[in-house]
Protein chains: 2
Amino acid sequence: MARAATTSDAFNAVAEPRRRAILNYIALEERPVGEIVDSLGLGQPSVSKHLRVLLRVGLVNVRRDGRRMLYRTNAQAIRPLHEWTSTFERYWRHQLSRVKERAERKNNPSNDGGPEFTSRRKNDLDSSKN
Amino acid sequence: MARAATTSDAFNAVAEPRRRAILNYIALEERPVGEIVDSLGLGQPSVSKHLRVLLRVGLVNVRRDGRRMLYRTNAQAIRPLHEWTSTFERYWRHQLSRVKERAERKNNPSNDGGPEFTSRRKNDLDSSKN
DNA sequence: ACATTACATTCCCATATGGGCATATGTCAA
DNA sequence: TTGACATATGCCCATATGGGAATGTAATGT
């Protein structure tokens, strides 16, 4: 099998740089396809296809206005991604503090008995199934 | 051209469900490849390949321990994703409040003169280049 | 040096895209 | 109804994967 279909979820949808660009562009206000095409300098069919993908995963909403289709980012659909990344927040904080300690130790060579930080040993944390 | 290479950035890397699973699994503590294989029920070559991708974009770190390779999630590399999703936080909050208003209006039919929320009109916000 | 363990790579193949072009659709203006 | 606009789709092609099997490689034990 190949990669999971791009249309399957928000994670795949935002993996495309242009789709992120589109989401950023229409986050504030709904816009017709043509404006997106002009602003981002992409082909019209290309933009329509990207919008279709974004629509499928719920990342954008559409509304018809005459012959134009007004798209707008549906920010709520981005929450799952935000939440997933948030679960790592505590980790990068720990890691940052360790980096900080190392830096300080370097400036002040006196051994302050701080914890080790480079190449952690095993068993310093519970390893039961995530 | 086809999709941008998966190895190009964190967004593409985490688009793969298994890679996210791996990141979750080794977020707390470094683990040898074999353990990841057993725990996630994936093929060994497959896991090695995913780890290689994650390593390239900096989402994991490695350390050799005898014949084993201990991988661990480098949470900091996830910050960019977290920050990107955060830029939409204010939007989904607005959207949520609008949904809330609609719900309240529905329960209390008296027109409170609140703002429109369904199908916004054009020009209600500056539309200059993002 | 040889067998074993733990991973990393390489090959091959089916499939998912993404872009550009041409064309089908839907809508509004005469 | 005909013509012009604004989008959406279909088609074709080059390319990027991802998985599984087989094989290469590094490190350990005897």
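Figure legend: R31(B) and Y71(B) shown without cation-pi pairing, the cationic atom not lying both under 6.0 angstrom from the six-membered ring centre and within 45 degrees of its axis.
Residue H50(B) places none of its side-chain N or O atoms closer than 4.0 Å to OP1 or OP2 of dT17(D). Side-chain nitrogen and oxygen atoms of Y71(A) include at least one within less than 4.0 Å of the OP1 or OP2 phosphate oxygen of dA8(D). Taking side-chain N and O atoms only, R19(A) has a distance below 4.0 Å to OP1 or OP2 of dG18(C). Under 4.0 angstrom from either OP1 or OP2 of dG19(C) there lies at least one side-chain N or O belonging to R18(A).
For the pair L42(A) CG and dG20(C) C1', the computed distance is 13 Å after rounding to whole Å. Rounded to whole angstrom, the span from the CZ atom of R64(B) across to the C1' atom of dT28(D) amounts to 11 Å. Between the CD atom of E16(A) and the P atom of dG18(C) there is a distance of 5 Å, given to the nearest Å. One interatomic measurement links the two molecules: CG of L40(B) to P of dG18(D), which rounds to 16 Å at whole-angstrom precision. Atom CG in D65(A) sits roughly 12 Å away from atom P in dA6(D) (whole-Å rounding). If you measure from atom CD1 of I36(B) to atom C1' of dA8(C), you get 14 Å, rounded to the nearest angstrom. Atom-to-atom, CG of N12(B) to P of dT15(D) comes out at 18 Å; the value is rounded to the nearest Å. Put simply, CD1 on I22(A) is 12 Å from C1' on dG18(C), counting in whole angstrom units.
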Protein-nucleic acid N or O pairs under 3.5 Å, nucleotides 9-12 of chain D:
| from | atom 1 | to | atom 2 | distance (Å) |
| --- | --- | --- | --- | --- |
| dT9(D) | OP2 | R52(A) | NE | 3.2 |
| dG10(D) | O6 | K49(A) | NZ | 3.2 |

Between N or O atoms, less than 3.5 Å apart, protein on one side and nucleotides 3-5 of chain C on the other: list the pairs.
| from | atom 1 | to | atom 2 | distance (Å) |
| --- | --- | --- | --- | --- |
| dT5(C) | O4' | R67(B) | NH1 | 2.6 |

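With hydrogens and angles disregarded, a donor-acceptor distance shorter than 3.5 Å links the side chain of R64(B) to the backbone of G66(B). Remark: side-chain polar atoms of T73(A) are paired, donor with acceptor, to backbone N or O of L23(A) under 3.5 angstrom.
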Check: Given the rule in the side chain to side chain donor-acceptor pair (under 3.5 Å) test, do T87(A) and E83(A) qualify, once you have shown the distances and angles that lead to the verdict?
Finding: CA-CA 7 Å; T87(A) 63; E83(A) 277 153 26; over 6 Å; no
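In this structure, the ring of W84(A) has its center no less than 6.0 angstrom from the ring center of H82(B).
For E30(A) and R63(A), the salt-bridge test passes: some basic side-chain N is under 4.0 Å from an acidic carboxylate O. Between E89(B) and R93(B), at least one side-chain N (NZ, or NE/NH1/NH2) sits under 4.0 Å from a carboxylate O, which counts as a salt bridge.
Rounded to the nearest 0.5 angstrom, L55(A) CG and N61(A) CG are separated by 7.5 Å.
Ranking dT27(C), dA26(D), dT7(D) by closeness to the M69(A) side chain, first place goes to dT7(D).
Within 6.0 Å of CZ on R90(A) lie no more than 12 heavy atoms contributed by other residues, nucleotides or ligands.
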